[in-house]
There are 2 protein chains.
Amino acid sequence: MQVIYAIFMKKAKKRSDCPVSTSLDIWGDKWSLLIIRDLMFAKECTYGDFLKAPEGIATNILASRLEVLEENRMIEKLDHPDSRAKVLYRLTKKGIDLLPIMIEINLWAEKYFPIPADRKEMLKEVKKDKTAFIKSKTKELERQGD
Amino acid sequence: MQVIYAIFMKKAKKRSDCPVSTSLDIWGDKWSLLIIRDLMFAKECTYGDFLKAPEGIATNILASRLEVLEENRMIEKLDHPDSRAKVLYRLTKKGIDLLPIMIEINLWAEKYFPIPADRKEMLKEVKKDKTAFIKSKTKELERQGD
DNA sequence: AATTTTACTTGCAAATTGCAAGTGCAAATA
DNA sequence: TATTTGCACTTGCAATTTGCAAGTAAAATT
């Protein structure tokens with residue numbers, strides 16, 4: 001499986017064998033985790049949805065990040081049920097598994113910066129039972145089709 | 001405290017109020033988390049130590065990342081006990097608090113890539129009791145002086 | 001049939017990165 | 001004491017990446 005995939009993946013210019021370095025080679029830039037964030041909060045997004053995010057990613061950068069994330073099997077494309085002109089993007093299991101990292105980033109940020117109320121609400125849930133939150137959110141994101 | 005520090009911090013060109021975005025504005029590039037990693041594994045590092053890391057960071061990039069991390073109070077400089085020509089870098093509490101993120105990155109990577117044996121050993125400890133591991137490692141990193 | 005929406009691509013300027021070669025001070029060596 | 005070496009950076013420049021604005025093609029709407 002891994003071998004077969006590897007054929008299609010762009011040469012990852014791996015900087016070292018360190019797992020942190022290898023991870024950053026895939027999603028360690030200013031934009032990728034924001035794309036992942038959008039998919040975790042909205043479950044599915046169109047190209048236009050990503051463009052609407054408050055950070056204002058440039059369209060060519062978005063296209064290039066989506067390409068890299070797809071090549072590395074973090075996200076996948078889906079037919080939009082309503083229109084053939086639209087494309088739905090969704091997290092793969094590999095992408096969903098970034099959830100613990102995403103949560104820890106939010107928790108860290110909450111400790112050192114003021115954060116929006118709705119995000120604070122979510123973290124309240126997280127702090128009640130982190131394991132349960134991850135399990136349930138993962139299940140939610142994993143559900144196929146709809 | 002926060003306000004006073006803010007005066008000295010370079011304008012952070014915050015892209016949005018999202019905690020993920022705000023975090024990435026500080027350390028969301030290809031190199032910063034590797035510097036943090038080195039400090040977590042070695043506790044204290046000199047400029048030269050960072051340069052020796054297998055990823056091979058360029059010296060000017062290193063200098064610029066260290067500057068940003070210091071401005072944002074993630075790391076701090078220390079006099080080297082052996083020589084005034086050397087500088088020790090150490091994590092602040094804010095930097096040490098990235099430990100849960102660092103651990104989750106390692107756990108994610110372990111699930112999807114082959115990772116070095118020594119790192120796998122560490123993760124074995126983590127998986128025994130994550131909370132305990134973080135607590136003890138944090139204490140270790142917090143110890144002043146030496 | 002004409003317009004709008006959607007997902008991109010393209011061209012180019014600006015910013016960032018990476019390499020190689022300095023620089024300046026401290027420490028070790030002759 | 002003079003000289004060399006080590007260490008923490010800085011500087012200059014080429015190459016890559018980013019960001020902005022405009023364009024394109026197919027599909028949906030009017």
Side-chain angles (χ1 to χ4, degrees), chain A residues 10-16 21 24-35 38-39 42 44-72 74-91, chain B residues 10-16 21 24-35 38-39 42 44-72 74-91:
Chain A
K10 234 176 216 169
K11 41 214 123 211
K13 45 188 163 164
K14 220 178 158 196
R15 289 176 293 173
S16 81
S21 155
L24 294 180
D25 285 340
I26 299 175
W27 47 260
D29 65 282
K30 290 244 180 259
W31 295 107
S32 295
L33 276 187
L34 297 181
I35 293 171
D38 289 345
L39 288 171
E44 285 168 350
C45 296
T46 62
Y47 193 87
D49 290 336
F50 293 121
L51 287 178
K52 274 179 233 142
E55 291 84 14
I57 189 170
T59 173
N60 55 339
I61 306 295
L62 175 57
S64 111
R65 292 297 154 238
L66 288 173
E67 195 189 347
V68 172
L69 289 174
E70 200 189 355
E71 279 166 4
N72 286 281
M74 308 292 300
I75 64 173
E76 60 193 357
K77 285 182 181 189
L78 228 86
D79 289 338
H80 195 289
D82 298 349
S83 155
R84 268 185 298 164
K86 294 185 186 178
V87 177
L88 275 183
Y89 287 92
R90 187 171 61 179
L91 292 170
Chain B
K10 234 177 214 168
K11 40 215 126 209
K13 47 189 164 165
K14 221 178 155 193
R15 288 176 294 174
S16 81
S21 155
L24 295 179
D25 285 339
I26 299 175
W27 47 259
D29 65 282
K30 290 244 181 258
W31 295 107
S32 295
L33 276 186
L34 297 181
I35 293 171
D38 288 346
L39 288 171
E44 285 168 349
C45 296
T46 63
Y47 193 89
D49 289 336
F50 294 121
L51 287 177
K52 275 179 231 142
E55 291 83 12
I57 188 171
T59 172
N60 54 340
I61 306 295
L62 175 57
S64 110
R65 292 297 154 238
L66 288 173
E67 195 189 347
V68 172
L69 289 175
E70 200 189 354
E71 280 166 3
N72 286 281
M74 308 292 300
I75 63 174
E76 59 192 357
K77 285 183 181 188
L78 229 84
D79 289 338
H80 196 290
D82 298 349
S83 157
R84 269 185 298 165
K86 294 186 187 176
V87 178
L88 275 183
Y89 287 91
R90 187 172 60 180
L91 292 170

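Sequence lines set the chain letters: A, B, ... in the order given, protein chains first and strands last, and positions in each chain run from 1.
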> Is the backbone of B:Trp31 close enough, under 3.5 Å, to the side chain of B:Asp29 for a donor and an acceptor to pair up by distance?
Replying inline: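 Pair found, side chain donor or acceptor close to backbone of B:Trp31.
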
> Within the distance-only criterion (no hydrogens, no angle test), does the side chain of B:Lys30 pair as donor or acceptor with the backbone N or O of A:Asp25 below 3.5 angstrom?
Replying inline: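 Looks like yes, one N/O pair under 3.5 Å.
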
In whole Å, what is the span from the [atom1] atom of [X] to the [atom2] atom of [N]?
{"X": "A:Lys52", "N": "C:dT6", "atom1": "NZ", "atom2": "C1'", "result": "10 Å"}
{"X": "A:Asp49", "N": "C:dT5", "atom1": "CG", "atom2": "C1'", "result": "13 Å"}
{"X": "B:Tyr47", "N": "D:dG6", "atom1": "OH", "atom2": "C1'", "result": "14 Å"}
{"X": "B:Phe50", "N": "D:dC7", "atom1": "CZ", "atom2": "P", "result": "15 Å"}
{"X": "B:Leu78", "N": "D:dC7", "atom1": "CG", "atom2": "P", "result": "18 Å"}
{"X": "A:Asp79", "N": "D:dA28", "atom1": "CG", "atom2": "P", "result": "11 Å"}
{"X": "A:His80", "N": "C:dT6", "atom1": "NE2", "atom2": "C1'", "result": "11 Å"}
{"X": "B:Lys13", "N": "D:dT18", "atom1": "NZ", "atom2": "C1'", "result": "12 Å"}

Quick one: pull up [atom1] in [X] and [atom2] in [Y] and give me the separation to the nearest 0.5 Å.
{"X": "A:Ile57", "Y": "A:Lys52", "atom1": "CD1", "atom2": "NZ", "value": "14.5 Å"}
{"X": "A:Leu69", "Y": "A:Tyr89", "atom1": "CG", "atom2": "OH", "value": "10.0 Å"}
{"X": "A:Asp79", "Y": "A:Leu88", "atom1": "CG", "atom2": "CG", "value": "8.5 Å"}
{"X": "B:Leu34", "Y": "B:Glu55", "atom1": "CG", "atom2": "CD", "value": "5.0 Å"}
{"X": "A:Leu51", "Y": "A:Leu62", "atom1": "CG", "atom2": "CG", "value": "5.0 Å"}
{"X": "A:Asn72", "Y": "A:Glu67", "atom1": "CG", "atom2": "CD", "value": "10.5 Å"}

>> Generate the contact string for nucleotides 17-27 of chain C. Rules: B means base contact, S means sugar-phosphate contact only, - means no protein heavy atom under 4.0 Å.
In response: SBB-B----SS

> When the C1' atoms of the five terminal pairs at each end define the local axes, what inter-axis angle does the helix from C:dA1-D:dT30 to C:dA30-D:dT1 show, to 10 degrees?
Replying inline: 10°

> Are A:Tyr89 and C:dT6 close enough that a side-chain N or O sits under 4.0 Å from OP1 or OP2?
Replying inline: no

>> Show the nearest heavy-atom pair for residues B:Leu39 and B:Cys45, with the distance to one decimal.
In response: CD2-N, 3.7 Å

